[in-house]
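Input: a single structure, listed below in C-alpha cells.
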Amino acid sequence: MLPKFFNTLTRTKEEFKPLEDNHVRMYTCGPTVYDFAHIGNFRTFLFEDLLRRYLKFKGYKVTQVMNLTDIDDKTIKSAMAKKIPLGEFTAFYKRAFFEDIDKLGIERAEYYPEATAHIPEMVAMIKQLHEKAYAYVIDGNYYYSIAKFPEYGKLAHLDIAGLKAGVRIAADEYEKESVSDFALWKAWDENDGDIYWETEIGKGRPGWHIECSAMSMKYLGETFDIHTGGVDNMFPHHENEIAQSEGANGKKFVNFWLHSEHLLVDGIKMSKRYNNYYTLRDILDKGYAAVAVRYILMATNYRQQLNFTFDGLVSARNGLERYNDFYANLKDYSGGQTSGEGKSIIERMLKGFEDALDDDLNISPALGEVFDFIRDINRLKAEGLLSREERDSALNAMERVDSVLGFLIKKKAEIDADIENLIKERTEAKKRRDFAAADGIRRKLLDMGIILEDTASGTKWKRKL
RNA sequence: GGCGGCUUAGCCAAGCGGUAAGGCGGAGGUCUGCAAAACCUCUAUCUCCGGUUCGAUUCCGGAAGCCGCCUCCA
C-alpha cells in the first residue's frame, strides 16, 4: 500500500509516490551550527529519521540531504564574540551535532552539504534570478522581489498583501522595495569582519534561504519528492525557497512538504528565559538514556505539539525497558509447545504496524500494535505455548519493526570482570542461603546501575536504562 | 488584527457516526527465599452548551481554556 502524508501545500493527506520509481529524494532542513542543538531541534530530526527509516522499511531507496548552515548572522556574531575564525567555530558545533545524532540513533543522511562549501552554486542561482528579474540590487545587496512571484504565500497560505506590518520590520530593512522582500546576498559591511566571499556578484555573503535552494538542486535536482522541517520554517524560509527555486528553474520545486510541530516544555515554548531550555547534553547529564529521549520525542505524531516533561521521560524510559526486556528475554527463551497462535499474532502486528505508519506516520497505533504483540507473545511464552520457530519469527518481526523505531539497545554490554565476580559471590551466598549477603550484593550492583534477575537458567543482568 | 492547531482516565496518547487502542503510574493476584522479569484481573460515558441523527467522543453551531505562526526560531 502507498503511504499517505499530510502535504502542507494542499493541507490534505495525499498518497505518496516518488517521481522515480522506488527512489525517494528528500531534503531535510538541518541545524545552524552556532550552538548545541536543543531537544526541539531533535524532535524534528527524529521525525525525519522516522520518515527515512519508514520509507526504507517500505522498500524505497532514500537519498536524503540535510544542510548544515554554517554562515548566517548568528554564526558570524558568535564566532566574532569568541574571536575565533568562523570555520573553527562552526566545526566545533558540527562535530557536536553528529555526536548527538549518533547518540539518538538517527541514521546518517546521504549528504550533509555545508553552506560555506556551496557559495558558487548560490551565486549562480542569484545571478539567474537577477537575469530573470526576480532579484534587484541595492548597494550591493541582492533582494528577491516577491511581487514578481505571484504564487508567493502558497505554502504558508498567507495573504502577503494583507499582512499587518509588525514591529519586527527592522529599521535596517528600509531600503528594500517591499518589506516582505528578502535578501539573497548581503554585501559586506564592517560587522562581518573578515567573513566574506569575493564573487561575480560582489563581496559579501549569502542570505539564509538561498543555500537550501541551491544545495537541494545540486544533490536532488530541480524537482524532488519531499522537503521537511519544523513548522516555524514554513514561513518565511520554505516559502522563500519555493520562490527562489521556482523562479530560477521555472519548475515545481517540491511535491510534498512535511512539517513537524513544535516541542513545548512544561506547556510553554522552550526558551532560556523560562529556564526550560534543554540540549540533549543537559538531559544525558541528568542520567537519562539517549534512547529514552528518542522514544519520548518520537512516540507522538509529528503533527501534534508535544509537551516535554521529565515525568514523561521517566514514563518513556519505563516503557522502553519493557520493549528491550521483551526482546532480550525472548532471545534466551528456548522454545516449547505451540498453540498455533504465534503466526497470526505476528502477522497481525506487522500489518497493523505498517497500516498505522502508512497513515501519515501515525506512530501511536503502530506502537499500540507492538505492545499488544509483546503481551501476546509473552503470554504464550509464560504458558509454554511458543515454539522455537515461533520464537524466531517473533524475533524477526521485532527486528523488522525496530529497523523503523530504533529502540533496541544493540550494544552488547561488555561483561565487566568486577560485575562477574560479584554475581558469582552472590550466587554462592544464595547457595548458603545467606540471603542478607546476597541481597547486599544485589543492592550494591544496583547502585552501579546493574539490575539482576534470577531466572530458571541462572542469574541474568542488565544495565539500568 | 489575520491564520492555524489543540482540549479523551492520575500522566502521556490513538480513535473521529454505532456505544472508548496502547504506554506509564496505581490496586489486587500468580510465580519467587525476597526481588526483578512475565502473565492474569481491575483502573474514562471523551471541556461545556445547543443542534443534526435511530444513534455523536466522532458531524454542525456557539462558549470557555490552552498552544503556535504572521520575515531569518526545528
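Proteins get letters first, then strands, A, B, ... in listed order; numbering begins at 1 in each.
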May I ask you to evaluate whether [X] reaches the phosphate of [N], defined as a side-chain N or O under 4.0 Å from OP1 or OP2?
| X | N | result |
| --- | --- | --- |
| Asn329(A) | A36(B) | no |
| Asn318(A) | G25(B) | yes |
| Arg322(A) | G23(B) | yes |
| Lys74(A) | C73(B) | yes |
| Asn378(A) | C39(B) | yes |
| Gln304(A) | A14(B) | yes |

Report yes if a donor N or O on one partner sits less than 3.5 Å from an acceptor N or O on the other, where the partners are the side chain of [X] and the base of [N]; otherwise report no.
| X | N | result |
| --- | --- | --- |
| Asn307(A) | C12(B) | no |
| Asp439(A) | G33(B) | yes |
| Arg317(A) | C24(B) | no |

**Report entry** Side chains of Glu114(A) and Thr116(A), donor plus acceptor under 3.5 Å
**Finding:** no

Report task. Decide whether Ser260(A) and Thr44(A) meet the rule of one side-chain donor and one side-chain acceptor closer than 3.5 Å. Result -> yes

What integer number of Å spans the [atom1] atoms of [N] and [M]?
| N | M | atom1 | value |
| --- | --- | --- | --- |
| G65(B) | C49(B) | C1' | 15 Å |
| U43(B) | G5(B) | P | 35 Å |
| U53(B) | U7(B) | C1' | 25 Å |

Taking [atom1] from [X] and [atom2] from [N], how many angstroms apart are they, rounded to a whole number?
| X | N | atom1 | atom2 | result |
| --- | --- | --- | --- | --- |
| Lys464(A) | A37(B) | NZ | C1' | 16 Å |
| Met234(A) | C3(B) | CE | P | 14 Å |
| Asn301(A) | C6(B) | CG | P | 11 Å |
| Leu386(A) | C39(B) | CG | C1' | 14 Å |
| Asp372(A) | A21(B) | CG | P | 10 Å |
| Asp360(A) | C16(B) | CG | P | 13 Å |

Can you tell which of [options] lies closest to the side chain of [X]?
| X | options | result |
| --- | --- | --- |
| Phe235(A) | C70(B), A35(B), G68(B) | C70(B) |
| Arg442(A) | C34(B), C39(B), A21(B) | C34(B) |
| Asp325(A) | G23(B), A38(B), C39(B) | A38(B) |
| Lys462(A) | G33(B), G15(B), A37(B) | A37(B) |
| Ser315(A) | C24(B), A14(B), A21(B) | C24(B) |
| Glu453(A) | A36(B), C34(B), A21(B) | A36(B) |
| Ser364(A) | C40(B), A13(B), G33(B) | A13(B) |

Report task. Tell me which of Gly368(A) and His262(A) sits closer to the 5' end of RNA chain B, going by the nucleotide each one is nearest to. Result -> Gly368(A)

Which base, if any, makes a Watson-Crick or G-U wobble pair with [N], both distances under 3.5 Å?
| N | answer |
| --- | --- |
| U30(B) | A38(B) |
| C16(B) | none |
| C66(B) | G5(B) |
| C59(B) | G51(B) |

Under 4.0 Å between any heavy atoms, over every strand shown, what does [X] touch: base, sugar-phosphate, or nothing? Just pick one.
| X | result |
| --- | --- |
| Ile363(A) | nothing |
| Gly207(A) | nothing |
| Asn362(A) | sugar-phosphate |
| Leu263(A) | base |

**Report entry** By ring-ring contact (aromatic ring centres under 6.0 Å, His included) - contacts of Tyr333(A) (at least two apart)
**Finding:** none

Query raised in the report: Does atom NZ of Lys4(A) have more than 12 heavy-atom neighbours from other groups under 6.0 Å away?
Result: no

Establish, yes or no, whether the cationic atom of [X] lies under 6.0 Å from the six-membered ring centre of [Y] and within 45° of the ring axis.
| X | Y | value |
| --- | --- | --- |
| Arg400(A) | Phe57(A) | yes |
| Lys74(A) | Tyr34(A) | yes |
| Lys13(A) | Phe5(A) | no |

Requested in this report: Give me the residues of residues 237-247 of chain A where at least one heavy atom lies under 4.0 Å from an atom of RNA chain B, by number, or none.
Outcome: none

